[in-house]
Amino acid sequence: MRLRTLLIWLAVVPTVAMGTQVTVTADRLLEQSARLRADVEAAERVGAPLYTLLVDMQEERTATAAQWAGTDGAEAELRVRRAATDTAAAEFRSLADDPSRSFTEVTRQLDRLPAYRQRADTRSGGADSTLAYYSDVIGKVIQVYQQEFSHAEDAELAQASRPVVSMLQATEMVAREDTVLALAGPSGELSFVGYDQFVSSLGAQRYLHEALIVPHLTERDERFYERVVGSEDWQAKTRIENAVLSGHKDTVAGIKVPAEVGGWKSAHANFSVQMTTLNIDLARSVLARGEAKAAELQAEVAWLIAGSGGGLLAVVVVVVFTTRSVLRRLRDLHERTVTVAEETLPDVVSRLERGQTVDPGALPSVSGDRDEVGRISDAFARAVAVSVDGHRRLAAERHGFGLFASGIASRTGNLVSRQLSLTEDLQDTFGHDEALLAQLMRSDQLTVGMRRQIENLLILAGGEVPDPHTEPMRVADLLREAAAEVEDFRRIERQALDETSVEPSVISQISHLLAELLDNATRFSPPRSKVVIRAELVADGLTVEIEDRGPRVSPERYEEMNGRLHQAPPYSVLAENAHRLGLFVVGHLADQLGATVTLRRSVYGGTCAVVVLPAGLLLPTEGETPREPARREPARREPALPAPAAEPAAAAVPAPSEPEPAAEPAAAEKPGWEPGPGKEPDSAPEPDPRAEPEPVAHTSAGLPSRRTKAPRPAAAAVPAARPAPAAAPARPALPERVPQTHIADQLRAPRVPETRVPQDTATPEEVADAWADYEQGTQTVEEELRRDQP
């Protein structure tokens with residue numbers, strides 16, 4: 001997001017937030033003002049008729065109780081009270097036309113009034129149920145006052161309206177006392193229920209006066225209230241209530257009230273008028289406060305809108321001028337920065353990479369400005385200076401580190417090569433000791449792995465792997481050489497073609513690349529599983545697939561590993577992944593060869609590495625004799641071709657032995673194992689004067705030598721049949737396989753005399769193929785022996 005947009009948003013967001021807040025606040029205040037005015041209007045219009053209805057209902061209830069008790073003149077009094085109630089009810093119905101208010105509940109209760117009047121006239125049912133109807137209607141009226149005119153949303157008005165509702169409730173409690181005493185009639189007796197109602201009403205009205213009315217009265221209303229409660233009539237009321245509580249007598253039918261009850265009617269008629277006046281004054285005071293509060297809210301809204309509008313206008317003006325000033329200075333800074341980033345710095349870095357000096361005047365300098373934009377410009381100048389210094393040191397360090405790592409790797413590689421030569425000499429000298437020979441083979445294999453790790457360091461440091469090859473190599477031999485670099489090479493199964501060869505200059509690089517992938521496949525797959533490597537010609541060149549049976553890898557993990565193969569990481573990434581540099585080495589080699597390496601999931605659940613070598617690295621294989629790879633598999637045992645002997649007569653060489661001592665007896669006894677073509681046990685090939693095999697150097701124990709030996713004389717004899725033990729006293733005789741020795745008795749068959757096959761001449765290609773079959777059979781036997789061992 002652009003800075004201009006940010007500055008505009010910086011002004012717009014507070015402005016919109018302030019405007020929204022002002023709008024919401026003004027709307028709330030106006031709504032509260034309108035509601036107050038509506039309440040005041042409804043109270044003025046409906047409140048007075050509603051209060052008149054309440055008083056008339058209380059008096060009709062008292063007259064109904066007197067008629068039920070048989071008091072003289074009660075019937076005429078009741079007709080007058082009913083007429084007054086009908087008038088008040090009709091006026092209330094005509095004014096209570098707002099369906100949103102709770103007036104409808106009172107109207108619904110008034111519709112049942114004729115039915116209860118008829119019950120009172122016929123005296124059907126009980127007096128308590130009839131009088132309870134009047135009490136319910138009066139309670140609904142008081143509830144309307146509490147819901148509609150209490151102003152609960154305004155604390156001040158709620159506090160002012162609280163005594164009004166409490167006064168109505170207290171007046172209702174006194175009216176209920178009047179109804180209970182009227183129900184006593186001339187006899188002066190009350191039922192137990194009636195007496196309980198009197199006591200409950202008395203306690204409620206006294207609590208309301210003491211707790212909810214007097215503490216909340218204003219000073220003027222409190223003076224008026226004290227005059228009412230200090231009047232003679234109120235004192236008479238209090239004396240009669242105390243007399244009923246303490247001077248009543250229990251009878252069989254109910255409670256006998258004292259004679260003082262006779263003065264209740266006149267006292268009630270006088271103080272009830274005063275209480276009505278007090279209620280009306282309290283209600284009018286609340287209405288006046290509501291009207292004043294509504295006007296105050298409207299004035300507050302007006303001031304709020306005016307002040308907020310002025311503030312918003314000032315904010316907009318300030319933001320506009322500030323934004324233009326800041327953007328102008330930042331635009332200048334941006335132009336200078338772009339010039340430095342696109343022109344100055346690339347030129348400086350290029351000069352540093354070429355080893356040239358840099359003119360300090362070409363870089364931005366610190367001006368020492370005190371404002372924010374100036375400090376940013378100075379900070380950028382410092383950052384450019386630090387960056388240039390860092391590039392200078394980094395270029396020097398990279399060059400020095402590359403030379404250092406290449407030198408260390410080359411020297412260490414020379415030492416390892418000498419170690420391999422020493423190991424071969426030991427194999428030549430002590431090849432007759434099979435236990436020692438096995439240990440030497442193990443040491444040879446570990447040394448080969450050490451040399452590969454050193455070559456990894458050389459590759460990552462920018463050096464080149466030394467390549468001793470001078471002639472093309474068949475793909476099959478190339479795969480064999482790569483497998484020989486792996487410690488667990490016996491698990492590798494090769495499938496290659498011989499009609500294609502590889503350029504001599506890239507043999508070591510390709511072999512190293514495949515060795516890294518094979519090593520990774522053997523280390524991350526089950527110990528007893530096979531790792532298959534196959535090579536095939538495709539349209540783009542040669543594809544080599546390495547497939548293992550390792551654990552499943554997630555697609556994200558494959559994406560990460562392929563990323564290592566397709567881009568050269570910096571030294572910091574190499575340092576973080578020092579324990580797994582194989583993929584980085586493969587990526588470097590693939591980049592040098594122009595090949596592509598891709599890791600994906602195998603159909604067997606493991607990992608399949610696909611290497612595509614370009615066609616420019618391949619050559620068609622001619623009919624020449626295949627040459628042995630320069631770096632041989634140390635543990636491989638090849639058939640011995642003619643070697644020089646002390647006497648010319650001793651030209652025969654024993655048959656090849658197994659790579660490990662423990663495997664030799666088992667290999668001889670393993671049923672079903674057959675020697676390779678051209679390796680008949682009792683026959684030897686005749687020498688062919690037309691085709692002489694290429695001599696291969698061997699140790700005294702019959703092992704192939706890693707070092708390049710001088711060619712033997714052409715008169716050397718061709719390998720003969722298996723010699724007698726006396727012909728080679730320097731090495732022990734190998735055990736012979738006895739057919740059907742270790743099979744079940746049911747499978748044994750009579751031995752058939754072996755037919756002797758006449759010897760035939762063998763060309764070098766046939767010898768190489770026979771050795772490949774022999775090697776594969778030996779590896780199969782060794783694998784079976786390892787599985788049989790506990």
Side-chain angles (χ1 to χ4, degrees), residues 1-15 315-406 459-463 559-560 562-578 581 583-584 587-588 590-592 594:
M1 186 177 295
R2 300 178 58 187
L3 182 59
R4 179 190 299 272
T5 306
L6 290 175
L7 292 175
I8 293 175
W9 276 108
L10 185 62
V12 168
V13 171
T15 302
V315 169
V316 170
V317 172
V318 171
V319 168
V320 168
F321 282 101
T322 304
T323 301
R324 295 185 61 181
S325 176
V326 172
L327 290 179
R328 183 178 62 255
R329 302 188 62 190
L330 290 177
R331 182 169 56 252
D332 297 339
L333 177 61
H334 172 262
E335 293 175 356
R336 295 196 304 270
T337 304
V338 169
T339 302
V340 172
E342 295 183 353
E343 299 177 6
T344 306
L345 274 182
D347 180 66
V348 169
V349 173
S350 177
R351 294 174 63 86
L352 289 175
E353 290 178 352
R354 294 193 301 267
Q356 300 176 357
T357 59
V358 178
D359 184 11
L363 301 176
S365 59
V366 178
S367 60
D369 292 338
R370 302 296 299 174
D371 64 323
E372 287 75 7
V373 179
R375 288 200 294 267
I376 293 175
S377 178
D378 293 347
F380 177 73
R382 295 188 182 94
V384 170
V386 172
S387 177
V388 171
D389 292 339
H391 278 86
R392 184 183 294 109
R393 290 195 301 270
L394 183 60
E397 289 178 0
R398 285 182 176 178
H399 182 68
F401 178 76
L403 295 177
F404 170 75
S406 299
I459 292 171
L460 294 177
E559 182 177 358
E560 177 188 352
N562 286 323
R564 296 183 187 175
L565 294 172
H566 299 155
Q567 61 183 1
Y571 288 133
S572 59
V573 177
L574 294 177
E576 294 175 358
N577 299 271
L581 297 178
L583 295 182
F584 296 127
H588 274 275
D591 183 66
Q592 296 175 6

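Given the structure is predicted, the values throughout are model-derived calculations rather than measurements. For the single chain, residues carry numbers from 1 onward in sequence order.
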>> So, using side chain to side chain contact (heavy atoms under 4.5 Å, CB included) as the criterion, who are the partners of Thr322 when residues are at least two apart?
In response: Val318, Val326
> Any chance CD of Glu335 has more than 12 other-residue heavy atoms, nucleotides or ligands included, within less than 6.0 Å?
Replying inline: yes
> With sequence neighbours left out, what residues match Thr339 under side chain to side chain contact (heavy atoms under 4.5 Å, CB included)?
Replying inline: Glu343
> Does Val338 have any side chain to side chain contact (heavy atoms under 4.5 Å, CB included) partners at least two apart in sequence or in another chain, and if so, which?
Replying inline: His334, Glu342
>> Just to verify, what does Asp389 make a side-chain hydrogen bond (donor to acceptor under 3.5 Å, both in side chains) with, not counting sequence neighbours?
In response: Arg392
> If you take all heavy atoms of Pro346 and Val340, which pair is closest and at what distance?
Replying inline: CD-O, 4.1 Å
> Looking at residues at least two apart in the chain, or sitting in another chain, which of them share a side-chain hydrogen bond (donor to acceptor under 3.5 Å, both in side chains) with Ser387?
Replying inline: His391
>> According to side chain to side chain contact (heavy atoms under 4.5 Å, CB included), who are the partners of Arg324, at least two apart in sequence or on a separate chain?
In response: Val320
> From Thr337 OG1 over to Asp332 CG, what is the distance, rounded to the nearest 0.5 angstrom?
Replying inline: 10.5 Å
